[in-house]
Amino acid sequence: MGKRAYNFNAGPAALPLEVLERAQANFVDFRGTGMSIMEMSHRGKVYEEVHNEAESRLLSLLGNPKGYKVLFLQGGASTQFAMIPMNFLTEGKVASYVHTGSWADKAIKEAKLIGDTHIAASSEADNFMSIPDLKDIQIPENAAYLHITSNETIGGVQYQQYPDTGNVPLIADMSSDILSRPFDVNQFGLIYAGAQKNLGPSGVTVIIAREELIAESPKHIPTMLRYSTHANNNSLYNTPPSFSVYMVNEVLKWIEEQGALEGIEQKNREKAQLIYDTIDGSGGFYTGPAQVGSRSFMNVTFRLASEELEKQFIKESELEGFVGLKGHRSVGGLRASIYNAVPYESCKALADFMSHFQKTHG
Ligand SMILES: *Cc1c(COP(=O)(O)O)cnc(C)c1O
């Protein structure tokens, strides 16, 4: 096998090597059918087994919360930005959002196309380098829901705890930190995530929602954009992204093998600690723009003294086999995305490279 890159891509991102190898072994002849999983009917027994397995495995990893359903949709998390207000923002209600950066902004913009929106809290004054204090979140009485972005992939800030929204459904875009740590699903009305960061390949968007919330959708919206269509058809109303769902199931198995969410969290914390310690111990050579209490353990953002030096860092890192360390084009700087599947060894190699780079350029 060829050498694997030190992959810090933001998304699509690293997948566990074990998962890739297992998928490879089953690629051509899946479970003795003489077909790839991609070549068979989504209405057949073999695919349906995989589909149902992925759903139940996800719920099981989340502690089998009562009254929740899993959906596998398409169109990415970006389509959810619109589907959420289309399904829930009914007459007389307002859609309430916590504004924490680039992804929250996109979600808000879509909701504005559908109806009245409200900003429950914002970290704009802080240049989105922190998560607002939970006690500063103001939810209007007629809120259809409160929407949060659990991890801002671009800015590198992450909720450490979630707000208690009482009777107002809490909706979270967890695209870049789902299953990175244990959390209480019962706090949420609906959670969504594009798979390509922490769950599998791109092409499937995973929804975990309270059944009663998605049982009925307004009839004036297109069939495919109603949660009820997918909820009532076990996400098999139309052709699902079958290969992506299969891969998600394999990634979920791998998470179980890592000691489930507790095991994954511990590994994630160790990985992030390595890199943040390198930043904090560099005497200012590296700086972390995110406020310490809001730092993401999935997307570590950092800067050097000049853009020139950052360019040099990227150039030298690429020569050493590192991939994806350039910050998002909208904010610049550097970013290491260290999702579940990024091995500790890659993070150790990065920390070592950072120290070496400081020695030669500091
Ligand atoms: C990547 C990402 C998205 C966009 O996901 P798509 O599947 O590309 O639509 C949305 N929100 C967050 C937090 C993300 O990290």
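Residue numbers start at 1 and run along the sequence shown. Please read all numbers here as calculations on a predicted model, not as lab measurements. The basis for the numbers below is simple: all heavy atoms, side chains too, and nothing from hydrogens, waters or symmetry mates. Just follow the structure's listing: the first ligand is 1, and inside any ligand the first atom is 1.
Taking every heavy atom of T153 and a limit of under 4.0 angstrom, the matching atoms of ligand 1 come to 12 (C), 13 (C), 14 (C), 15 (O). Below 4.0 Å from some heavy atom of F81 lie the following atoms of ligand 1, by number and element: 10 (C). Remark: ligand 1 atoms within the under-4.0 Å shell around heavy atoms of G76 are 7 (O), 9 (O). Residue K197 approaches ligand 1 through these ligand atoms, each under 4.0 Å from one of its heavy atoms: 1 (C), 2 (C), 3 (C), 14 (C), 15 (O). Atom numbering of ligand 1 starts at 1 in the shown order; those under 4.0 Å from a heavy atom of S78 are 4 (C), 6 (P), 9 (O).
Geometrically, K197 engages W103 in a cation-pi contact defined by less than 6.0 Å to the ring centre and at most 45° from the axis.
Heavy atoms of Q196 found under 4.0 angstrom from ligand 1 belong exclusively to the side chain. Under 4.0 angstrom from ligand 1, the non-hydrogen atoms of N151 all belong to its backbone. Under 4.0 angstrom from ligand 1, there are no non-hydrogen atoms of Y192.
Note on ring orientation: taking the six-membered ring where Trp is involved, the planes of H230 and Y237 are perpendicular (angle over 60°, cut-offs 30° and 60°). In this structure, Y145 and H147 have perpendicular ring planes: the angle between them is above 60°, well past the 30° mark.
Below 3.5 Å of separation, one finds no N or O of T149 facing any N or O of ligand 1.
When the options T229, N232, N87 are evaluated for a side chain to side chain donor-acceptor pair (under 3.5 Å) with S217, the one that passes is N87.
S294 and S130 are not linked by any side-chain donor-acceptor pair at a separation below 3.5 angstrom, with hydrogens and angles left out of the test.
Closest to atom 5 (O) of ligand 1 among all protein heavy atoms lies A77 CB, 3.5 Å. Here the protein heavy atom with the shortest distance to atom 11 (N) of ligand 1 is D173 OD2, 2.6 Å.
The aromatic ring centroids of F88 and Y227 lie less than 6.0 Å from each other. Less than 6.0 angstrom separates the ring centroid of Y162 from the ring centroid of F188.
Ionic pairing of D280 and R295 is present here: one or more N-O contacts between side-chain nitrogen and carboxylate oxygen are shorter than 4.0 angstrom.
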